Engineer: 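Once you've had a glance at the structure underneath, I'll fire off some questions.
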Number of protein chains: 2
Amino acid sequence: MSAAENQALKKVLREHELKATNQRVALLKLLDATNEHFDADEIYLALRQKQKNVSRATVYRSLEALVEQHLVSRVDFGDGRMRFERCQDEDEHHDHLICEKCGQVIEFFNLEMEAQQLSVCEEHDFTPSTHTMHIFGTCAECRKKN
Amino acid sequence: MSAAENQALKKVLREHELKATNQRVALLKLLDATNEHFDADEIYLALRQKQKNVSRATVYRSLEALVEQHLVSRVDFGDGRMRFERCQDEDEHHDHLICEKCGQVIEFFNLEMEAQQLSVCEEHDFTPSTHTMHIFGTCAECRKKN
DNA sequence: AATCTAAATGAGACTTATTTGCACTTGTGT
DNA sequence: ACACAAGTGCAAATAAGTCTCATTTAGATT
């Protein structure tokens, strides 16, 4: 049943000039299947649990390749480890609100903001490829708790 | 001649309920004097070079305290190490364009974008304390080189 | 000015995240 | 099926940041 999905992922990898290895397919599939922001080690452990043959080094190397091809993006919530999420289309790009109290991450999308970014890039004659925008603060629940 | 500056920095530290130690004053002064984005180790080495008595542990601990007090902010350019810059007033907050080819960092300020951020926070009933916005891509010079 | 005490510091061992070298394996073009 | 470059696994190496604990210091108190 996931054979079709596997084929689709392999196609995606090849279109990005990456060899479609089992490890990479499994990694992409894992990220596709979740909304969470895994770090490298969580990805490694999750794949091992799925009986996938993969090493930590490969997880790091694959993530690097996938990020370079914009199939995956890095997100840094400032807690010292890099996290990853599957990329959507660029016009579906979302950003993050991060609660400093409980660690909750709220994703948001704001068309105006995306437009402003393009305008800033134009002003500076800069060709954007990707961006990250994190707003740190306190979420509604945590504020009420005080 | 920098005695006055030192006194001013000590005052700032005390206003934020931080003991005004020589190490912290020297660190703030260093960041005030540059536009670059130093990482912890660069700060450590720069202070040593200025004959300041300071340890790596203190650099990390001081930075942590200063970031918490919003006197300094962390910037992550995605290269695996945390960098730091002196904070301006919140209404003077700037963001970054980062060239993936040459590593150049261009700072920008966009009022519209700041306004959009506040509106996103309101929508999600989120109280912001700080934010980071990085746009990665190719700068004008690097684009022309191709 | 001398004294006191909680907070801050220094040294270096330690932890955790990530990278690298190298021998072995595998995807893919022919 | 074959050849070979690309990818992988393992274990050792590096790098970034944290922690412990003995010592020092800022700044409040007298």
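Chain letters run A, B, ... following the sequence lines, proteins first and then strands; every chain starts at 1. A quick note: this is a predicted structure, and the numbers were derived from the prediction, not measured. Hydrogens, waters and symmetry mates are skipped; everything else that's a heavy atom, side chains included, is used.
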Engineer: Whole-Å distance between D/dA16 P and B/Phe38 CZ?
Structural biologist: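 After rounding, the gap between these two atoms is 16 Å.
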Engineer: Would you say A/Thr58 reaches D/dG7's phosphate, i.e. side-chain N/O to OP1/OP2 under 4.0 Å?
Structural biologist: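 Result: no.
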Engineer: Between B/Thr21 and C/dT9, is there a contact of a side-chain N or O with OP1 or OP2 at under 4.0 Å?
Structural biologist: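 Answer yes for this pair, as a side-chain N or O of B/Thr21 is under 4.0 Å from OP1 or OP2.
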Engineer: Over all strands shown, is A/Ala65 touching base, sugar-phosphate only, or nothing at heavy-atom distances under 4.0 angstrom?
Structural biologist: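 Answer is nothing: A/Ala65 stays at 4.0 Å or more from every strand.
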Engineer: Counting just side-chain N and O atoms, does B/Asn53 come under 4.0 Å of either OP1 or OP2 of C/dG10?
Structural biologist: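 Checking B/Asn53 against C/dG10: at least one side-chain N or O falls below 4.0 Å of OP1 or OP2.
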Engineer: Side chain of B/Ser62 only, heavy atoms from C-beta on: which candidate in D/dG7, D/dC10, C/dT9 is closest?
Structural biologist: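 Of all the options, the side chain of B/Ser62 is nearest to C/dT9.
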Engineer: Between B/Gln23 and C/dG10, does any side-chain N or O lie under 4.0 Å from OP1 or OP2?
Structural biologist: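 Yes.
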Engineer: Between D/dA6 and A/Lys19, counting only base atoms on the nucleotide and side-chain atoms on the residue, is there a donor-acceptor pair under 3.5 Å?
Structural biologist: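 Per atom types, the contact qualifies.
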Engineer: Nearest whole angstrom, please: distance from the C1' of C/dT28 to the CG of A/Leu13.
Structural biologist: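 In whole Å, C/dT28 C1' lies 14 Å from A/Leu13 CG.
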Engineer: Is atom CD of A/Glu36 surrounded by more than 12 heavy atoms (other residues, nucleotides or ligands) closer than 6.0 Å?
Structural biologist: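 At most 12 heavy atoms, drawn from other residues, nucleotides or ligands, come within 6.0 Å of this atom.
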Engineer: For B/Met82 and D/dA15, give me the distance from atom CE to atom P, rounded to whole Å.
Structural biologist: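 So the CE-P distance, B/Met82 to D/dA15, works out to 18 Å.
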Engineer: Return no unless some side-chain N or O of A/Ser55 is found under 4.0 Å from OP1 or OP2 of D/dT8.
Structural biologist: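 No, no such contact exists.
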Engineer: Between atom CG in B/Asn6 and atom P in D/dA26, what is the gap in whole Å?
Structural biologist: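 To the nearest whole Å, that distance equals 13 Å.
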Engineer: Answer yes or no: are there more than 12 heavy-atom neighbours, outside A/Lys29 itself, under 6.0 Å from its atom NZ?
Structural biologist: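 Yes, the 6.0 Å shell around NZ holds more than 12 heavy atoms from other groups.
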Engineer: D/dG7 phosphate, OP1 or OP2: any side-chain N/O from A/Arg24 under 4.0 angstrom?
Structural biologist: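 The answer is yes; a side-chain N or O of A/Arg24 sits under 4.0 Å from OP1 or OP2.
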Engineer: Using a 4.0 Å heavy-atom cut-off, does B/Arg14 contact any base of the nucleic acid, only the sugar-phosphate backbone, or nothing at all?
Structural biologist: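 If one applies the 4.0 Å heavy-atom cut-off, B/Arg14 turns out to touch the sugar-phosphate alone, with no base involved.
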Engineer: Once salt bridge (charged side-chain N to carboxylate O under 4.0 Å, His left out) is applied, do any residues pair with A/Arg86, and if so which ones, sequence neighbours excluded?
Structural biologist: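 Scan of A/Arg86 (salt bridge (charged side-chain N to carboxylate O under 4.0 Å, His left out), adjacent residues dropped) gives A/Asp32.
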Engineer: For atom CD of B/Glu107, decide whether the heavy atoms of other residues, nucleotides or ligands shown that lie under 6.0 angstrom number more than 12.
Structural biologist: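 Counting neighbours around CD of B/Glu107, more than 12 heavy atoms of other residues, nucleotides or ligands fall under 6.0 Å, so yes.
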Engineer: Looking at every heavy atom in both B/Thr132 and B/Asp95, which two are closest together, and how far apart are they?
Structural biologist: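 For B/Thr132 versus B/Asp95, the nearest heavy atoms are C-OD1, 4.4 Å.
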Engineer: Looking at C/dG27, I'd like to know if its phosphate oxygens (OP1 or OP2) sit under 4.0 Å from a side-chain N or O belonging to A/Asn22.
Structural biologist: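 Yes, within the criterion.
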Engineer: Would you tell me if any nitrogen or oxygen in the side chain of A/Tyr60 comes within less than 4.0 Å of OP1 or OP2 on C/dT19?
Structural biologist: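 It does not, given that no N or O in the side chain of A/Tyr60 lies less than 4.0 Å from OP1 or OP2 of C/dT19.
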Engineer: Counting neighbours of CD on A/Gln104 that are heavy atoms of other residues, nucleotides or ligands and sit closer than 6.0 Å, is the number greater than 12?
Structural biologist: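 Atom CD in A/Gln104 is crowded, with more than 12 foreign heavy atoms closer than 6.0 Å.
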Engineer: Return the value, rounded to whole Å, for the distance between atom CD of B/Glu68 and atom P of C/dA7.
Structural biologist: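 After rounding, the reported distance stands at 14 Å.
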Engineer: Please lay out, stage by stage, how B/His93 and B/His131 fare under the test side chain to side chain contact (heavy atoms under 4.5 Å, CB included).
Structural biologist: CA-CA 9 Å; B/His93 183 92; B/His131 71 263; 3.1 Å; yes
Engineer: Find the distance A/Gln69:CD to D/dG7:P and express it as a whole number of Å.
Structural biologist: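 These atoms are roughly 10 Å apart.
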Engineer: What integer distance in Å separates A/Arg81:CZ from C/dT16:P?
Structural biologist: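 After rounding, the reported distance stands at 11 Å.
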Engineer: Could you list by number each residue of residues 39-47 of chain B showing a heavy-atom separation from DNA chain D of less than 4.0 Å, or answer none if no residue does?
Structural biologist: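 Those residues whose heavy atoms fall under 4.0 Å from DNA chain D, taken from residues 39-47 of chain B, amount to none.
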Engineer: Going by modelled atom types, is there a donor-acceptor pair between the base of D/dG9 and the side chain of A/Arg61 at under 3.5 Å?
Structural biologist: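 Answer yes: a donor N or O sits under 3.5 Å from an acceptor.
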Engineer: Looking at the side chain of A/Leu18, which of D/dG7, D/dC19, C/dT18 is the nearest nucleotide?
Structural biologist: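 Of the candidates, D/dG7 comes closest.
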Engineer: Please work out whether the ring planes of A/His37 and A/Phe77 are parallel, tilted or perpendicular, with thresholds of 30° and 60°.
Structural biologist: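 A/His37 vs A/Phe77 ring planes: perpendicular.
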Engineer: To the nearest Å, give me how far apart CD (A/Gln7) and P (C/dG27) are.
Structural biologist: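 Taking CD of A/Gln7 and P of C/dG27, I get 12 Å after rounding.
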